[in-house]
Protein chains: 2
Amino acid sequence: MADVAARAGVSRALVSIVFRNQPGASQETRDRVLQVADEIGYRPDSAARLLARGRSRALGVLFTVHQTFHADLVEGIYAQAEHHGYDVLLSATAQGRSEAKAVEALLSHRCEAVILLGADATTADLDVLGQRTVAVSVSRRMPGSLIDFVHSAEGKGVRQAMDHLVGEGHRRIVHIDGGRGPGSAERRRAYRAAMRRHGLEAEIRVIPGNHTEESGIEAGRLLVAERDAGEPLPTAVLAANDRCAMGLMMALARSGVEVPKEVSVIGYDDSHLSHLMPVGLTTVRQDAGLMAEHAVGFAVRRLENKTLEPQEAVIDPKLVIRDTSGPPREV
Amino acid sequence: MADVAARAGVSRALVSIVFRNQPGASQETRDRVLQVADEIGYRPDSAARLLARGRSRALGVLFTVHQTFHADLVEGIYAQAEHHGYDVLLSATAQGRSEAKAVEALLSHRCEAVILLGADATTADLDVLGQRTVAVSVSRRMPGSLIDFVHSAEGKGVRQAMDHLVGEGHRRIVHIDGGRGPGSAERRRAYRAAMRRHGLEAEIRVIPGNHTEESGIEAGRLLVAERDAGEPLPTAVLAANDRCAMGLMMALARSGVEVPKEVSVIGYDDSHLSHLMPVGLTTVRQDAGLMAEHAVGFAVRRLENKTLEPQEAVIDPKLVIRDTSGPPREV
DNA sequence: TACTCGAACTAGAGCGCGCTAGTAGAGCGC
DNA sequence: GCGCTCTACTAGCGCGCTCTAGTTCGAGTA
C-alpha cells in the first residue's frame, strides 16, 4: 500500500479511500492509484482491513460436504450475501471434522454471524453460540432457543405427502425417520398425526434412520428381510430425505422390488439431484433459495440492529409428484 | 487478550506464548491463563494473528458446490491440511459466482496456497495465478503450466473401461465428452485410441457434453430421437463423469430403454453417490483421498521450500464394475 | 479585501496480535 | 563474594490497514 501511495504520489490514506470507493478523491487520482496498484499487483489485505475496521462483514456458513441440499442452500446464500455486501466463509463438517471444530474455525476468523445448515448441536450449545455471536439455524428446529431460525413447515409438507399417498389408496405407509437430524421430530409427529387422521393408527410404523443414503439402504434391507420372512411389504415409504430415499430405492431395486409398482417412495428436500435420478423422485420441495434469503436477511438485520427478538421464518413446502409414487398394487 | 493478561496477572506476551503453545511459560501459568481465557470467552483473533505473523497457514480450496466428487476431495483435503497444521478456506463457484470471483476471495484472505478442484480457467490464467501464489490444480491438466498438478491417469482409466466393454462384446460404443472440463481432452483421446486399437475406428463417435447431469440427459434424448428415426442405439456409452452418466440413465429410463440390457453405461469418478444409486453404476474410480493427499502435500512442500520445480502426481484409476454394464443384447 | 466553504488530500493513532530484545531471579561452581 | 546459565517473564515495535482530525487551496460571497 505504501508502495502504491509512493508511486502514485499520494498518501496511504488516499489509497485507502480509493480502494474503499469512498468520497474524497478526484477521479483522476482514483484512476492513477488504481492503475499503479494494478501494475505492481497490489490488492488490499483483508486481514489487516478486518483488523482495522473492527468488523469483517463476513457471514460464516456451516454445512456438510455430502449433504446435497446444503449445496443448494450455499448457492443461495452466496447470492444473498453479495446482495447485502457481505462476504461468505464456508466451513464444512466432514468425516473427522466435527461441527464444533468447524464452528471454531468460523469464529476465529471473526465472522459476524454464523448460519448453521442443519446443525447437529443441542439447543443449549446453540444458545451458547447465540450469546457469543449472531447465529441463524436453518432447518433444525430450536424450540425456545434464542437464535434465529429458518425452516420449512414440516407438518404441511408431510401432510401433503400423506394425503397424496392415502388418496392413491395406500394404507400400509411406513416412515423412515431422520433420527436427531433437523426437522425430523416435526416430520415424525406429522406422520403420526396424518396416519391417525386417516384412521390408520394401527398401521403407524417408524423405522429409525438418519439423513444419509446408508440409512435408506438399511431400512430397505430390513423391509426385504421381513418380506422374505412372510410379512407383507409396506405399500409406501415416506423417507427422511432425498438421500435416504435414494438409498432405500437402491436396496429395493437390488432385491427386485419395483418402485412404484410394489412400493411407492417419497423423499424430502427436492435437492438438486432428486429430479435427476433415473426415475424422478416424488418429494417434498423445500425452496432453498427462499430459505437462504431469509437466513441471510435475519443475520443482516441482527447485525445492523442489535436489539431484535429471536426471528423465525417458516417456508411452505410443496409436494412434487414424480415417478416414484403411484397407487398400491392391491387396489 | 489484554483482559486475559490482566486477570491472570501476567503480560500480554505471555498469553501469546501460552496460546501458541510455545516454550517459555510454566505449567501452572499456562493453566491459569487458559482458565481465565475460557471464563471470559477469549479466543485469538486469526486476522490479527495473521497480520502479525505475516503468514496465514491457510490453504484456499476452490470447488464447485454441486460437483459431488469435489465433496469427496474437500473431505480429504481437510484431513490432510490438519495433519500438516494448515487451515482450510473454502470458496465455491456456483451460479452467479464465477471462478475468478471465488479465487479473488481466497487471495484477499491471504491464503498461502490455492488448490483448484477441476478449475475452468485457461493455462495462461493459471500461470498468472501461479506467479502470484502457490497453486495446485487437481484434475485439470495444465500442459506446460508452471503450477503443480494432481490428476488421475485418464488414459488408463478409459482403457480399462473400453477393454471391459469390448471384452463383453460391445462394438457400437459412444463417448459423451466433458467439453472443456478437467481431464476431458485426455479421456476423449484415450477413447479414440482404444477404439482404434480394437479395430473399431469406423464406430468412433463423440457426443459433445460436459460434467453435469443435464448434458447426460441431452445426450440421452439425442440417442433416443435417433433410434426413433430408425438408427440403431449404441450398445454402450462411456459418459464424461458420474453425474453425466446419471443424467443419461434418467433420460434412457424415461424412454423405456433398459440399462444395461439395451445400453451399457459407464461413468467416471466413483463419486460418493455412484455406488448409492438405485442401480450401482459401473465407473472408473478416482481415489479422492489419495488425490487430496498429493494436492496438500504439493502445496505444503512448495511453501516450506520455495525453489521447487513444477510437481505432478498421476494417480492410477480403477474400473469398478457394478450393474450398469453387461454384454450387448445382440450377442 | 477578507471571509467562508467544500473538495482534495495528509498525519498519525490504533486495531489484536507475534516477536525480538531484554530483565529478574534462582541455582550452581569456584 | 563473583560470574555464569537457565527458566520465566515483560516492554514495545510493527504487521497493513481504517479512521478521525486535521491542513491546504481555489472558488464563491459579502
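Predicted, not measured: the structure shown is a model, and the values here were computed from it. Note that these values count all heavy atoms, side chains included, but never hydrogens, waters or copies made by symmetry.
- In this structure, A/Ser16 does not reach the D/dC17 phosphate: none of its side-chain N or O atoms is under 4.0 Å from OP1 or OP2.
- Between the CD atom of A/Gln22 and the P atom of C/dA8 there is a distance of 14 Å, given to the nearest Å.
- Rounding to whole angstrom units, CE of residue B/Met1 and P of C/dC19 are separated by 11 Å.
- Using the Watson-Crick or G-U wobble rule with both distances under 3.5 Å, C/dC28 pairs with D/dG3.
- Here the P atom of nucleotide C/dT10 and the CZ atom of A/Arg12 are 11 Å apart, to the nearest Å.
- Atom pair B/Asp45:CG and D/dC17:P shows a separation of 16 Å (rounding to whole Å applied).
- No more than 12 heavy-atom neighbours from other residues, nucleotides or ligands sit within 6.0 angstrom of CZ on A/Arg7.
- C/dC9 atom C1' lies 13 Å from atom CD of A/Glu28, rounded to whole Å.
- To the nearest angstrom, P of D/dG16 lies 15 Å from CZ of A/Phe19.
- Across D/dA11, D/dG16, D/dT18, the shortest atom-to-atom separation from the side chain of B/Ala13 is found for D/dA11.
- B/Arg43 comes within 4.0 angstrom of the backbone, heavy atoms only, and of no base.
- By the 4.0 Å N-to-carboxylate-O rule, A/Lys101 lies close enough to B/Glu82 to be salt-bridged with it.
- Distance from the side chain of A/Leu51 is smallest for D/dG16 among the nucleotides C/dA11, D/dC15, D/dG16.
- The CZ atom of A/Arg55 sits 10 Å away from the P atom of D/dC19 (whole-angstrom rounding).
- For the residue pair B/His294 / B/Gln311, no side-chain donor-acceptor distance below 3.5 Å is found, with atom types taken as modelled.
- Taking 4.0 angstrom as the limit, B/Arg20 places a side-chain polar atom (N or O) nearer than this to OP1 or OP2 of C/dC19.
- Contacts of A/Pro23 with the nucleic acid, taken as non-hydrogen atoms under 4.0 Å apart, are absent.
- To the nearest 0.5 Å, atom NE2 of residue A/His109 and atom CG of residue A/Leu106 are 8.0 Å apart.
- Here the shortest heavy-atom pairing between B/Phe69 and B/Ala288 reads CE1-CB, 3.9 Å.
- Rounded to whole Å, the distance from CG on B/Leu50 to P on C/dC19 is 12 Å.
- Around the CD atom of B/Glu28, the shell of radius 6.0 Å holds no more than 12 heavy atoms that belong to other residues, nucleotides or ligands.
- For A/Gln95, the CD atom counts as loosely surrounded, since its 6.0 Å shell holds 12 or fewer non-hydrogen atoms of other residues, nucleotides or ligands.
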Under 3.5 Å, which N/O atoms of the protein pair with N/O atoms of nucleotides 6-9 of chain D?
residue : atom : partner : partner atom : Å
D/dC9   : OP1  : B/Thr29 : OG1          : 2.9
D/dC9   : OP2  : B/Ser26 : N            : 3.0
D/dC9   : OP2  : B/Ser26 : OG           : 3.4
D/dC9   : OP2  : B/Thr29 : OG1          : 3.1

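- In the set C/dT10, D/dC17, C/dG16, D/dC17 carries the atom at the smallest distance from any side-chain atom of A/Arg49.
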